[in-house]
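Since the structure is predicted, the reported quantities are computational estimates derived from the model, not experimental observations. Proteins get letters first, then strands, A, B, ... in listed order; numbering begins at 1 in each. Atom set for the values below is all heavy atoms of this structure, side chains included, hydrogens, waters and symmetry mates excluded.
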4 protein chains.
Amino acid sequence: MSGARPAEPRRRDAEASRRAILQAALEEFAEKGHDGARIDEIALRAGVSKPLIYDYFGNKNAVYAAALREAYVQIREGEEELELDAMAPAEAIRSLVRFSALHFQEKPWFITMLNTENLRRGSTITDLKDAGEIQSVLVRKLAAVLERGAAEGVFRSGVDPVELYISIASLCYFPVSNRFTLRVVFGCPVDRAWMERCAEAASEMLLLWLAPPQNTRKSR
Amino acid sequence: MSGARPAEPRRRDAEASRRAILQAALEEFAEKGHDGARIDEIALRAGVSKPLIYDYFGNKNAVYAAALREAYVQIREGEEELELDAMAPAEAIRSLVRFSALHFQEKPWFITMLNTENLRRGSTITDLKDAGEIQSVLVRKLAAVLERGAAEGVFRSGVDPVELYISIASLCYFPVSNRFTLRVVFGCPVDRAWMERCAEAASEMLLLWLAPPQNTRKSR
Amino acid sequence: MSGARPAEPRRRDAEASRRAILQAALEEFAEKGHDGARIDEIALRAGVSKPLIYDYFGNKNAVYAAALREAYVQIREGEEELELDAMAPAEAIRSLVRFSALHFQEKPWFITMLNTENLRRGSTITDLKDAGEIQSVLVRKLAAVLERGAAEGVFRSGVDPVELYISIASLCYFPVSNRFTLRVVFGCPVDRAWMERCAEAASEMLLLWLAPPQNTRKSR
Amino acid sequence: MSGARPAEPRRRDAEASRRAILQAALEEFAEKGHDGARIDEIALRAGVSKPLIYDYFGNKNAVYAAALREAYVQIREGEEELELDAMAPAEAIRSLVRFSALHFQEKPWFITMLNTENLRRGSTITDLKDAGEIQSVLVRKLAAVLERGAAEGVFRSGVDPVELYISIASLCYFPVSNRFTLRVVFGCPVDRAWMERCAEAASEMLLLWLAPPQNTRKSR
DNA sequence: AATGAATGAGTTTTCATTCAT
DNA sequence: TATGAATGAAAACTCATTCAT
């Protein structure tokens, strides 16, 4: 029932072993949460023995911390590839919304890791030294887009880039994070097409909100 | 170590014991998640012995299912008290947004229970027979508000009430659900005032989105 | 191979279970030392399950601490039964020496517990609140004997009772504590008879040492 | 590590590694006992890798056996340097007592190794082929001292040198071996000065005991 | 001669659950 | 109705030992 694929052995290659453990941990913690995750299962998924995990990370919490960090690193890598500078402001927003929705859906461990960490009241992320820097890049990019948009007259000015980012994330996060309860409670068909419509609606909503006061609606 | 307050004993009152266990379970599961929750701790919080919990509920999963159901019941009770019919359409929207944001923040167990259940891929809610009905009331109310708004010319027509509800929930859910990571990663001061500004912005955004095509912005 | 006797079960009697665990722990720690002792083995010896041990004591160290305390309690009980007041001073000394030698030999856990605790640099006994009082009774009794002896002119005065006790213990302790190495290195027949000759010699030595300056030897 | 030397023969390196391991093992086993000692820690202390230890010694027990033997070798070396033949009999006794007390205190691994081995019921020393010879030298020297003393009329005759040695060891061993528990239980200030007073008293006691029947006390 | 990489077989500890009253 | 006593099964973690170079 649990996704144990023995994984081919990578013999005597410390760095490869480390990375295998990290990815296995990310998946296991994301699927089961901090307390539901099993070191045994991580070892199985990574194709290594349990003691090796302790050799490399020390204890379960440290493995968890490394997995949490990895979740952030992975989304940051995706965000950094976005070339927002090269796009028209409205297009940049649409692009980021689309990326977020996609990433949340295709790398499901990101959302569940965040939920798990928030359930634990952020006790681990607080200790990750570089957690702050980890997303500052994106905020700076967003600030630039907002400025350009204001200068070009397509956005109103004075929008806080962090607030904008949180709105984007909110609209993309909830439908994915809560897809199982939504399916049961509202009967939503929580599939790819539905998610894309969500992202579409989110872009609409955000661009309306960013539009300058006197502007009439342009919409799609 | 966790917030165990022994609670005064309720002697020989089956219904009271049941309710004490239920509330204790709701808090424990909401604080620690399904796997982190401890039957011992629930017994302690409820001021009863462990075997009593098994007598009443059968096993840990059944206690969890009852707690999950209780979370929905509690929010539905709040929503039913909202007199959306008596308000102007825009006011009704604002009111629901405010209520959602407030409820998420003041009854923190709702969000964490949903996250926990979604981490478990909805395996429990699927079996709750009445889960579907549980929120249909609200959707019907929202549909009525939307119709009234369209009739009065303040909303565009053709808006799906479920989609609207999900958007409302999204904007209110994420900032509360992720408050610990947001604080660390973005340095947000995740307090009451900040949440109210989030709700304010959410209302703005939603009303703009609901506005009919030709309408100019009203804003506050 | 290890001295596991399943022991008859004492069902549903908390105090009896506690005592069974304590005695089993005393024997196991005394035989194997702190790190060699096994909780599994203690459970087996006591005829209870492992979790019960954790219920009652908390963890291995706490079990060890309780066992160490018990070792002292047991020897104190023996010492308290000695009626030194009723004996002539020299007889009291002989009696205490004999008791010590006997106790060391017949309750072998006392010596090995002390050795174990000293190997651990007294890290546990330091935290036992009542460790100090535990032997003060005996020292007071010895002081009385010394005073009586001095008054009667059979002992010199000014002997420190603690120093005397340590000398007694030294002479009785070493031959028992080191019986295995002594047997191999010196070929001593470390049996009951040999131990009694040791105690005899110890008494001689101590009484000579206690004798007042002018006294001529009485000997046996 | 040592840079400017004409390449040393490999055998010398091997021998140095062996000795480093042996001393590291002696210290580790003496500090933690057989079961508390860690091969990892021995490797660390010795500055070599774990597999090297297995190459040289085979397994943990063999390392332990070698360390135990080394403890005896070291004390024998000290005892052999004592020139008991050149001293007056009483002086020889005092000298040996002083040496024992000093050695026990300054080479603390001797006592803890003996205690550890006795905890293990001598299972290792029994297999050391040369354990017996290891201290016979000292016993022969002591026998000679006793004979000289008897001939000179300062000792009574018929004293068993082994019994004498055990008495000496007893009085010097216990206060050092049990210094941690003694400190807590009796409040003894177990420092250098205190130990010297113990040795002093031990010499007194032993010489009184060795004195011939008619002799009056000399004392200091 | 020497070591970094890896693990099998335990050991302590935890926890949902049942027994007996 | 209620609970103190007890445990089987499993989890995190450890450690002597071997592998491969």
Using heavy-atom distances to pick each residue's nearest nucleotide on DNA chain E, tell me which of B:Lys60 and A:Glu15 is more 5'.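 It is A:Glu15 whose nearest nucleotide is closer to the 5' end.
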Please report the distance, rounded to the nearest Å, between [atom1] in [X] and [atom2] in [N].
X	N	atom1	atom2	value
C:Arg18	F:dA6	CZ	P	12 Å
B:Asp35	E:dC15	CG	P	11 Å
C:Tyr56	E:dT13	OH	C1'	18 Å
C:His34	E:dT12	NE2	C1'	11 Å
A:Asp55	F:dT17	CG	C1'	13 Å
C:Tyr64	E:dT13	OH	P	15 Å
D:Lys32	F:dT14	NZ	P	14 Å
D:Asn61	F:dC15	CG	P	16 Å

Which value, rounded to the nearest 0.5 Å, describes the distance between C:Thr126 atom OG1 and C:Arg120 atom CZ?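 These two atoms lie 11.0 Å from each other.
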What's A:Phe57 touching, base or sugar-phosphate or nothing? Going by heavy atoms closer than 4.0 Å.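 No contact.
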Answer with base, sugar-phosphate or nothing: what part of the nucleic acid does D:Asn59 contact at a heavy-atom distance below 4.0 Å?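 Since only primed, P, OP1 and OP2 atoms lie under 4.0 Å of D:Asn59, the category is sugar-phosphate.
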Phosphate OP1/OP2 of E:dA6 contacted by A:Ser17 side-chain N/O (<4.0 Å):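 For E:dA6, OP1 or OP2 has a side-chain N or O of A:Ser17 closer than 4.0 Å.
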Under 3.5 Å, is there a donor-acceptor pair between the side chain of B:Asp40 and the main chain of B:Lys50?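 Here the side-chain-to-backbone pair does not exist.
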Just so I know, are the side chains of C:Lys32 and C:Thr112 near enough to count as touching, which here means a heavy-atom distance under 4.5 Å?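 Sidechains of C:Thr112 and C:Lys32: no contact.
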Dot-bracket pairing map - DNA chain F, Watson-Crick plus G-U, both contacts under 3.5 Å, | cross-strand: .||||||||||||||||||||
If you take any heavy atom closer than 4.0 Å to DNA chain E, which residues from residues 38-54 of chain D end up in contact?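 Hits under 4.0 Å, by residue number: D:Val48, D:Ser49, D:Lys50, D:Pro51, D:Leu52.
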